[in-house]
Amino acid sequence: MQYETRITNNKFLANKHAEILDRAVDIATKNVTSGGGPFGAIIVDREGNNIAESADSVERTLDPTAHAEICAIREACKKLNSSQLDGCILYASCEPCSMCLSAAYLSRLERIYYAADRSIAVKAGLSYDDIGAPISKSQIQMERLQVIEKDRPFDMWRLQQLKTEL
């Protein structure tokens, strides 16, 4: 495969990133041949060890959140026994959707490398319409309602001694 050298100036690292990204694309390709979606993801730790890899399993599990990136994040968190993936890198066969990108932020991944961009996914019939759109433009109608006790869970969270800061 041909790779853009914009990934990094260090050729060794660029080749390593491209090698791992190739594996993510292979995972996605194999998943399509077995009836799954065209997405694959790999997470490596600070030392470059592969700690999690997954393919999209939305249709197989009937779980709309079972995107490859989400499944890989779940697996990595279990392996590391932590909800925080500081220093870890996500390699994805395609640009992450808004849900997967949010999960990457929440898990504190350090970096994401991806192969196909959203335009390729859109050509295949997948939607990225709501990414970055204001709530008023969302495809799902949303409305904030006033609830008197809306602050209570957050007040309790602030007082909690044993917590992981979000």
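Along the sequence shown, the residues carry numbers beginning at 1. All values derive from a computational prediction rather than experimental measurement.
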Which residue pairs pass the ring pair (Phe, Tyr, Trp, His ring centres under 6.0 Å) test when at least one of the two sits in residues 59-78, sequence neighbours left out?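 Ring pair (Phe, Tyr, Trp, His ring centres under 6.0 Å) check on residues 59-78 returns no pairs.
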Review point. Taking only residues at least two apart or on different chains, which pairs with a member in residues 73-105 satisfy ring pair (Phe, Tyr, Trp, His ring centres under 6.0 Å)?
Key: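 Those involving residues 73-105 are His17-Tyr91, Tyr91-Tyr113.
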Nearest 0.5 Å please: distance from the [atom1] atom of [X] over to the [atom2] atom of [Y].
X: Tyr114; Y: Ser93; atom1: OH; atom2: OG; result: 12.5 Å
X: Leu101; Y: Leu106; atom1: CG; atom2: CG; result: 10.0 Å
X: Glu19; Y: Ile42; atom1: CD; atom2: CD1; result: 10.0 Å
X: Cys97; Y: Phe39; atom1: SG; atom2: CZ; result: 8.0 Å
X: Leu80; Y: Leu85; atom1: CG; atom2: CG; result: 6.0 Å
X: Ile27; Y: Asp56; atom1: CD1; atom2: CG; result: 12.5 Å

For [X], give me all partners under side-chain hydrogen bond (donor to acceptor under 3.5 Å, both in side chains), at least two apart in sequence or on another chain.
X: Asn49; answer: Asp45
X: Gln146; answer: none
X: Asp155; answer: Arg158

With heavy-atom distances below 4.5 Å as the criterion, would you say the side chains of [X] and [Y] are in contact?
X: Lys78; Y: Asn81; answer: no
X: Ser57; Y: Cys71; answer: yes
X: Pro96; Y: Ile112; answer: yes
X: Val58; Y: Thr65; answer: no

Test side-chain contact (heavy atoms from CB on, under 4.5 Å) on Ile89 and Ile43; report intermediate values, then the result. CA-CA 6 Å; Ile89 298 173; Ile43 296 178; over 6 Å; no
Co-members of Met99 in a cluster of I, L, V, M, F, W and Y side chains, linked at under 4.5 Å: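 Result for Met99 is Ile70.
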Requested in this report: Considering only Ile, Leu, Val, Met, Phe, Trp and Tyr, and joining two whenever side-chain heavy atoms are under 4.5 Å apart, list the other residues clustered with Val147.
Outcome: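 Its cluster partners, ordered by chain and number, are none at all.
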Looking only at heavy atoms, the pair that brings Ala66 and Thr61 closest together is CB-OG1, 3.6 Å
**Report entry** Heavy-atom pair with the smallest gap, counting every atom of Ala24 and Ala92
**Finding:**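 Shortest heavy-atom contact: CB-C, 4.4 Å.
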What residues form a side-chain contact (heavy atoms from CB on, under 4.5 Å) with [X], not counting sequence neighbours?
X: Ala41; result: Ala68, Glu69, Ala72, Leu90
X: Asp86; result: Arg46, Gln84, Arg108
X: Ser102; result: none
X: Glu75; result: Ala52, Lys79

- Query: Hey, does the side chain of Glu95 reach the backbone of Arg118 with a donor-acceptor pair shorter than 3.5 angstrom?
  - Reply: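 Between the backbone of Arg118 and the side chain of Glu95 there is a qualifying donor-acceptor contact (under 3.5 Å).
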*Which residue pairs satisfy the side chain to side chain donor-acceptor pair (under 3.5 Å) criterion with at least one member in residues 29-38, sequence neighbours excluded?*
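Only Asn31-Arg60 qualify under side chain to side chain donor-acceptor pair (under 3.5 Å).
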Pair Ile51-Val44, side-chain contact (heavy atoms from CB on, under 4.5 Å): steps then yes or no: CA-CA 5 Å; Ile51 57 172; Val44 298; 5.9 Å; no
query = Around Lys150, counting heavy atoms of other residues, nucleotides and ligands shown, do more than 12 lie under 6.0 Å from its NZ?
reply = yes
